[in-house]
Number of protein chains: 2
Amino acid sequence: MRLVIAECTVDYEGRLTAHLPRAQRLLMVKADGCVAIHSDGGAYKPLNWMNAPNSVFETESKWVVVNPKGEKLTITLHEVISDTEHALGEDPGLIKDGVEAHLQELLAARPWVIEDGLELIRREYQTDIGPVDLLCKSEAGETVAVEIKRRGEIDGVEQLARYVERLDNDPRLAPVRGVFAAQLIKPQAKTLAESRGIICVEVDYDGLREIESRELRLF
Amino acid sequence: MRLVIAECTVDYEGRLTAHLPRAQRLLMVKADGCVAIHSDGGAYKPLNWMNAPNSVFETESKWVVVNPKGEKLTITLHEVISDTEHALGEDPGLIKDGVEAHLQELLAARPWVIEDGLELIRREYQTDIGPVDLLCKSEAGETVAVEIKRRGEIDGVEQLARYVERLDNDPRLAPVRGVFAAQLIKPQAKTLAESRGIICVEVDYDGLREIESRELRLF
DNA sequence: GTGTATATCTCGGGG
DNA sequence: CCCCGAGGTATACAC
């Protein structure tokens, strides 16, 4: 990784046009060739950047970075304050826990948590407009499409409504109803869900993990 | 801005739980206190981070970063290879062009580009589920809700459909129809729009800018 | 490759 | 403050 501290101006032309007036900034060039220009504030997002794959053409006072899509980043260097390089090697990568995929796993194994008597037919059931998180059968014999989110917002309700509409046209599945399951469901999403005939269920993630670890300890 | 190259392990507990095994990485600390941990690849996104506002508690071999929401980032330093600091000063900031706001401005001033005889009533017309980009009146006297996007995708059509449904319930506005205007509209979005009775219009952004600059030169 | 859904999204604006 | 929408979203995954 190369780190350059420099007084620079920057121009980007691509999906939009953008310009950075002259100032001191950090230029970060990673091993894969991607370039990021950071100021001394503002979270982790750089002011400007160019992702790999790209090509860097470097002269004393100017870097021109282009990519195959025709985007172009031009960095004009007025003064270089520091220029260092460190070989970091491959990173073993981030280990995550607690995202939607895990919530889906937990619920797929325990669909009765969502609704009494619910039985799983299939996870990630494919439709021609995308995958339904859980396809289930209710105690009364209806098909139930379950959409799982960490945070339940309007988009998720729309997504589920599209699936239910599509699935309900399949005579092998009809009648189909929808259940929207999330750790937290926003009021707007609840209102929209109700008007679409979709049931909302708020799920206790920590409680589910508790149950999971108890089950694991039994075996 | 402080830049540290170090062999480290990292743990994050907050909105999720995440762990980074021991490896060499860049630790970036900005003037506002935010911390980002970068590997030597993977675009501009750090492996792990903590945004301002936060507090950093630093000892020889460990940094603990906590924020008011109760999130916690723990960095264990096994070996520090480099530790430098540079004062960059305030950044004048990015100047952008070509985003949705500008497209909306251009169309608000020339609604006839969207549809012959269209007249603007109001920009950012507020409804209880959000703002409509342009509210217009057609030559035939209907109300027309216009949703403007740079790239027209399914989400935008759903959003517009919600607005039209809501506005059509207002007797002062009814009948209301929708027009979906974008530089480029994806086939799926067109199909969905058609099934919702929404008209699609593809807008020539560069052409509009041409017209704008010609108009400016006249005055 | 396109299409779809997720994200510790980030960021900015409005109430 | 939260809510909402846009983003050069980036990223992963299925088809």
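To find a chain, count down the sequence lines: A is the first, B the second, and so on, and within it residues start at 1.
As rounded to whole Å, 8 Å separates atom P of dG8(D) from atom OH of Tyr12(A). Between Glu71(A) atom CD and dT9(D) atom P the separation is 8 Å, expressed in whole Å. In this structure, NZ of Lys45(A) is placed 6 Å from C1' of dG7(D), rounded to the nearest angstrom. Summarising the geometry, the separation between CG on Asp133(B) and P on dG14(C) is reported as 13 Å, rounded to the nearest angstrom. Going from atom CG of Leu16(A) over to atom P of dG8(D) covers 5 Å, rounded to whole Å. Spacing between atom CG of Asp32(A) and atom C1' of dT11(D) amounts to 14 Å, rounded to whole angstrom units. The interatomic distance linking Asp155(A) (CG) with dT9(D) (P) rounds to 17 Å, in whole Å. One interatomic measurement links the two molecules: CG of Asn54(A) to P of dA10(D), which rounds to 13 Å at whole-angstrom precision.
Met50(B) comes within contact range of no nucleotide atom at all, as no heavy-atom separation falls under 4.0 Å. If you check every strand for non-hydrogen atoms under 4.0 Å, Leu94(A) touches a base.
With both ends at atom P, the span from dG8(D) to dT4(C) equals 22 Å, rounded to whole Å. Here, dT11(D) and dC11(C) have their P atoms 15 Å apart, quoted to the whole Å.
His102(B) and Tyr205(B) are linked by a side-chain donor-acceptor pair at a separation below 3.5 angstrom, with hydrogens and angles left out of the test. Between the side chains of Lys149(A) and Gln159(A), a donor-acceptor pair is found at a separation under 3.5 Å. Between the side chains of Tyr12(B) and Glu71(B), a donor-acceptor pair is found at a separation under 3.5 Å.
In this structure the side chain of Phe180(A) never reaches within 4.5 angstrom of the side chain of Ile199(A), judged on heavy atoms.
Nearest to the side chain of Gln188(B), among dT6(C), dG3(C), dA10(D), sits dG3(C). If you check dC15(D), dA5(C), dC3(D) against the side chain of Gln126(A), the one that comes closest is dC15(D). Checked against dG3(C), dT6(C), dC9(C), the side chain of Pro187(B) finds its nearest nucleotide in dG3(C). The listed nucleotides are dG8(D), dA5(C), dT10(C); the one nearest the side chain of Pro131(A) is dA5(C). Picking from dC9(C), dA10(D), dG8(D) the nucleotide with the shortest atom distance to the side chain of Arg150(A) gives dC9(C). Side-chain proximity of Lys149(A) to the nucleotides dA5(C), dG7(D), dT10(C) is greatest for dA5(C). Picking from dA6(D), dG8(D), dT11(D) the nucleotide with the shortest atom distance to the side chain of Ala43(B) gives dT11(D). Candidate nucleotides dA10(D), dC9(C), dG5(D) were compared by shortest atom distance to the side chain of Tyr163(B), and dG5(D) ranks first.
Taking 4.0 angstrom as the limit, Trp49(A) places a side-chain polar atom (N or O) nearer than this to OP1 or OP2 of dA10(D). Distances shorter than 4.0 Å separate some side-chain N or O of Asn51(B) from OP1 or OP2 on dT10(C). For the pair Lys96(B) and dG8(D), the criterion of a side-chain N or O lying under 4.0 Å from OP1 or OP2 is met.
The nearest heavy atom of DNA chain D to Lys186(A) and to Gln159(B) marks one nucleotide each, and the one closer to the 5' end goes with Lys186(A). Judged by closest nucleotide on DNA chain D, Glu147(B) is the one of Arg151(B) and Glu147(B) placed further toward the 5' end. Residue whose closest nucleotide on DNA chain C sits further toward the 5' end, between Arg162(A) and Leu73(B): Arg162(A).
Here the rule is side chain to side chain contact (heavy atoms under 4.5 Å, CB included) with Thr76(B), and of Asp11(B), Val10(B), Thr9(B), Val64(B) only Thr9(B) fits it.
If you take CG on Leu192(A) and NZ on Lys186(A), they are separated by 14.5 Å, rounding to the nearest 0.5 Å.
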